[in-house]
Amino acid sequence: MAGEGFAILRQAGISVETSLAEAEARPDLAGFLYRITKKRPYVILKLALSSDGKIAEVPRQRTTITGSEVKKRTHLMRAQSDAILVGLGTVFADDPDLTCRLPGLEDRSPVRVVADSRLAIPRTSHLAQTAGKVPVWLLSLADGAIAPGVEVLRCNQGPDGHVDPNDAMRRLARRGINRVLAEGGARLARGLIEAGLVDELSLFRSPKALGPQGVDGFAGLPFASVMAAFRPAGEERLGDDRLSVYVRP
Ligand SMILES: NC(=O)c1ccc[n+]([C@@H]2O[C@H](COP(=O)([O-])OP(=O)(O)OC[C@H]3O[C@@H](n4cnc5c(N)ncnc54)[C@H](OP(=O)(O)O)[C@@H]3O)[C@@H](O)[C@H]2O)c1
């Protein structure tokens, strides 16, 4: 509340107290507060990591890293978000659905967003094929028509030639998106981290190692330097895996 509503209530003789349970409310309202004050959504980066910090066994392939408890939690996180974001490499490698398939919450799938600078998403991908049911937005530098339900959000170009992540987040906020769940892959994760856009990091860690040929979680950014920007905010066991949550200090 910026205060105008309080004034109206007080003028009407209604007593108003402020800042009650502020610390408890702030994390729940983070998305809305970020959109209003920073003009961008609150961004949670979620990755499944092997014990040696990899997100896939070999490049451009899907690897199942974590177990069924993590899958359920991920789907719950999707239902609690306004948008799920992935990079185009993940669409090519995994051909994901990115929907919430928890019993009872199937209608809570948020918009699925792909960072796709040149509109290269395959028309045959699950995302394009199912966009009539659950919308898909493409963050892109180009304009074009892909499939019914797929909308293109034209963004500015960043210095590396891809979509500028700051501009992309501003555009999502303008469309009313409060909370973004970014689900990888590695290059998108790196882009968001380098732009200072990751507010919360949810790392699902498996006890399995994938070996040195595996894909680095942050596309070459040293793990320690990424983690230096965050502080631990929670730890949970999910079957054989562990969820570690980090937020900005
Ligand atoms: N374990 C996990 O949690 C997890 C999660 C997801 C994926 N994965 C794995 O990760 C691998 C894919 O990762 P990836 O690094 O190859 O691809 P990625 O991060 O999914 O996608 C990268 C692509 O996104 C596009 N993009 C647009 N704007 C960008 C920006 N500002 N910054 C970065 N990228 C931008 C770029 O292509 P254009 O510029 O041409 O659009 C870029 O090539 C697969 O093996 C997949 O299975 C693992």
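In listed order, ligands and their atoms are each counted from 1.
Residues meeting the side chain to side chain donor-acceptor pair (under 3.5 Å) test with Q157, sequence neighbours left out: none.
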Could you please spell out the steps behind the side-chain hydrogen bond (donor to acceptor under 3.5 Å, both in side chains) verdict for Y42 and E200?
CA-CA 8 Å; Y42 185 78; E200 192 172 317; 2.6 Å; yes
Passes side chain to side chain contact (heavy atoms under 4.5 Å, CB included), R171 versus C155? Steps please.
CA-CA 8 Å; R171 282 171 204 271; C155 300; 3.8 Å; yes
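Taking a heavy-atom cut-off of under 4.0 Å, ligand 1 is surrounded by L47, A48, I55, A56, R60, Q61, R62, I65, G87, L88, G89, T90, A93, D94, A115, D116, S117, R118, H162, V163, P165, E183, G184, G185, A186, R187, L188.
Scanning all heavy atoms of the two residues, the minimum distance from H126 to D95 falls at N-OD1, 2.8 Å.
Classification of E69 and R237 as a salt-bridged pair fails, no side-chain N sitting under 4.0 Å from a carboxylate O.
Figure legend: R112 and W137 shown without cation-pi pairing, the cationic atom not lying both under 6.0 angstrom from the six-membered ring centre and within 45 degrees of its axis.
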